[in-house]
Amino acid sequence: MDRKNSLFSLFEKNFDNFTIGFISGLVLYFLTISKQGTFNTALIIFFSGLLLISIYTLLNRLNTFEKSIYKFLGKITEVEFLFYLIMIPSFLILIYLLPHWVSNVFRLNLNEPNLIALFFSNYTHQNFGHLVSNLIAYFLLITLILNIEPNKKEFYGFSLFALLIFPFLIFPITKFFLDMFNITNFPTTIGFSGIAALFNGYFVYSLYKYLKSNAFKDLKLRFIFFLLIFNVTIWAFYNNLYLAIASCIVLLLLFFDNLSGIKNVFIFIRHKIYKQKNGKDRLDWKNFILMIFFLIPLVSLIALIPKELITPAGVVNTPVHFFSLLIGVFLPYLYEVLKFKST
């Protein structure tokens with residue numbers, strides 16, 4: 001009885017928050033209908049928005065945030081949760097829900113670029129599937145990075161670069177490769193995948209720092225190249241046999257170059273996914289599944305450079321995907337090298 005009274009009292013005290021959530025859900029619903037979205041899509045967006053706002057209000061008022069979502073997401077702080085996992089996705093969703101006559105302004109025409117399109121084209125999406133696929137990749141990468149990144153301040157600085165400055169660099173990268181291959185009929189370019197690929201690159205660098213701190217202190221900086229070539233090798237086996245053979249040779253050379261480090265990394269992983277029970281090693285399924293999630297960004301080129309370049313979302317901008325991944329790795333990598341030389 002007391003529990004029911006306390007819940008009713010909680011709802012009564014936070015009635016304004018629930019009302020805002022309900023109104024927000026209605027607005028999202030009608031915006032979706034206005035974009036000729038399906039009825040089911042509109043309902044999903046409505047109830048998702050209402051549910052997220054309601055749950056967050058309840059958890060926040062009950063002071064159980066750290067014991068629920070915060071605990072589930074690991075080392076992510078409440079501020080990081082709100083900025084990276086609420087504000088940025090909400091911004092992408094709101095832009096997607098804008099009327100076509102507004103969102104069309106954000107599409108980057110490579111022949112007639114303008115500052116507004118240069119920036120906002122990276123936050124605009126062709127359809128709901130395009131938006132969802134980029135959001136899933138973004139959620140996974142950000143959650144993993146924030147849980148393993150030893151220096152959060154470095155990542156905050158990189159995030160500002162990725163979200164505010166890098167969007168303006170995507171156009172020259174695209175233009176350079178189109179001119180190189182004399183491609184003149186490339187359509188307008190939109191999507192968050194270039195920025196997501198940049199975060200993918202940073203994940204590789206962040207994973208190196210995490211393993212160096214926890215698995216093997218003498219892990220070479222060249223271990224990053226091993227992770228990159230591993231990604232290329234997996235992609236090559238699906239696309240080009242000769243490239244796969246060449247990348248395997250390079251991967252093997254890098255393997256022996258980093259042999260002691262890789263050996264210690266595997267020992268570290270084994271300790272994570274196996275635990276002692278009754279004197280025997282038992283597989284820890286929770287950590288095993290977690291390791292699979294960590295593996296996904298390390299084989300991401302399969303998704304970033306697919307076999308079929310024409311998709312329902314448009315033409316896949318493979319040069320931007322590939323070089324975003326490299327920039328995401330080597331920008332912090334160069335910073336690490338310069339910092340090491342200065343000390």
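By the neighbour-count criterion of 12 heavy atoms within 6.0 Å, atom CZ of Phe293 is sparsely surrounded, having that number or fewer from other residues, nucleotides or ligands. No more than 12 heavy atoms of other residues, nucleotides or ligands lie within 6.0 Å of CZ in Phe266, so this atom counts as exposed by the packing criterion. Surrounding OH of Tyr238 are at most 12 heavy atoms belonging to other residues, nucleotides or ligands under 6.0 Å away. In the displayed structure, Lys263 atom NZ is contacted under 6.0 Å by at most 12 heavy atoms of other residues, nucleotides or ligands. No more than 12 heavy atoms of other residues, nucleotides or ligands lie within 6.0 Å of CD1 in Ile116, so this atom counts as exposed by the packing criterion. By the 6.0 Å contact criterion, NZ on Lys212 is enclosed, its count of non-hydrogen atoms from other residues, nucleotides or ligands being greater than 12. The local environment of CZ in Phe83 is crowded, with over 12 non-hydrogen atoms from other residues, nucleotides or ligands closer than 6.0 Å. The neighbour count for Met291 CE, taken as heavy atoms of other residues, nucleotides or ligands under 6.0 Å away, is above 12.
No side-chain heavy atom of Pro297 sits less than 4.5 Å from a side-chain heavy atom of Val204. Side-chain contact check for Leu301 versus Asn231: some heavy-atom pair is nearer than 4.5 Å. Side-chain contact between Ile88 and Leu163: present, with at least one pair of heavy atoms (C-beta onward) separated by less than 4.5 Å. Side-chain contact between Asn134 and Leu92 is absent, with no heavy-atom pair separated by less than 4.5 Å. Put simply, the side chain of Phe223 reaches to within 4.5 Å of the side chain of Leu211, judged on heavy atoms. Looking at heavy atoms from C-beta onward, Ser193 lies out of side-chain contact with Leu304 at the 4.5 angstrom threshold. Residues Thr233 and Ile229 meet the side-chain proximity criterion, which asks for heavy atoms closer than 4.5 Å. Residues Tyr96 and Tyr123 form no side-chain contact, since every pair of their non-hydrogen atoms from C-beta on lies 4.5 Å or further apart.
The side-chain tip of Arg270 points at the ring of Tyr274 from less than 6.0 angstrom away and within 45° of straight on.
Using bins of under 30°, 30° to 60° and over 60° for the plane-to-plane angle, the ring pair Tyr210/Phe268 lands in the perpendicular bin. Taking the six-membered ring where tryptophan is involved, the planes of Phe158 and Phe199 are perpendicular, since the angle between them exceeds 60° and thus also 30°. Between Tyr138 and Phe192, the ring planes are perpendicular. Angles over 60° get that label, and only those under 30° would be called parallel.
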Quick one, Phe323 with Phe330, criterion ring-ring contact (aromatic ring centres under 6.0 Å, His included). Give me CA distance, side-chain angles, the key distance, then yes/no.
CA-CA 10 Å; Phe323 278 90; Phe330 288 109; over 10 Å; no
Under the side-chain contact (heavy atoms from CB on, under 4.5 Å) rule, what do Phe216 and Ser260 come out as? Steps first, then yes or no, please.
CA-CA 9 Å; Phe216 188 54; Ser260 58; 3.9 Å; yes
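For the residue pair Ser159 / Tyr84, a side-chain donor-acceptor distance below 3.5 Å is found, with atom types taken as modelled. Side-chain polar atoms of Asn317 and Thr174 form a donor-acceptor pair below 3.5 angstrom.
Atoms CD1 and CG, from Ile262 and Leu227 in turn, are 8.0 Å apart once rounded to the nearest 0.5 Å. Separation of atoms OG1 (Thr124) and CZ (Phe106) is listed at 6.0 Å; rounding is to 0.5 Å. Interatomic distance, CG of Asn200 versus NE2 of His321, reported as 10.5 Å (0.5 Å rounding). The distance from atom CZ of Phe171 to atom CG of Asn114, rounded to the nearest 0.5 Å, is 10.0 Å. Interatomic distance, CD1 of Ile142 versus CZ of Phe81, reported as 13.5 Å (0.5 Å rounding). Atoms CG and CG, from Leu290 and Asn147 in turn, are 8.0 Å apart once rounded to the nearest 0.5 Å.
Between Gly194 and Ile170 the shortest heavy-atom distance is CA-CD1, 4.3 Å. Here the closest heavy-atom approach between residue Ile224 and residue Tyr205 is recorded as CD1-CD1, 4.0 Å. Ile327 and Pro332 make their closest contact through O-CD, 4.0 Å (heavy atoms, listed as atom of the first residue, atom of the second, distance). Nearest heavy atoms, Leu141 versus Ala196: CD1-O, 3.3 Å. Shown here for Leu144 and Phe203, the closest heavy-atom pair between the two residues is CB-CE1, 3.8 Å. Here the closest heavy-atom approach between residue Asp257 and residue Lys220 is recorded as O-NZ, 2.8 Å.
Tracing side-chain contacts under 4.5 Å through hydrophobic residues (I, L, V, M, F, W, Y), one reaches Leu115 starting from Phe166; they form part of the same cluster. Both Leu221 and Phe256 are assigned to one and the same hydrophobic cluster, defined by single-linkage of ILVMFWY side chains at heavy-atom distances under 4.5 Å. Linking ILVMFWY side-chain heavy atoms closer than 4.5 Å, directly or via other members, places Ile234 and Tyr242 in two distinct hydrophobic clusters. Under a hydrophobic-cluster definition in which Ile, Leu, Val, Met, Phe, Trp and Tyr are linked whenever side-chain heavy atoms come within less than 4.5 Å, directly or via other members, Val299 and Phe237 are assigned to different clusters.
Residues satisfying the side chain to side chain contact (heavy atoms under 4.5 Å, CB included) criterion with Leu164, sequence neighbours excluded, are Phe119, Leu160.
Within the 3.5 Å criterion, the main-chain N or O of Thr77 finds a donor-acceptor partner in the side chain of Glu80.
When each of Tyr208, Phe225, Tyr202 is checked for a ring-ring contact (aromatic ring centres under 6.0 Å, His included) with Tyr333, only Phe225 meets the rule.
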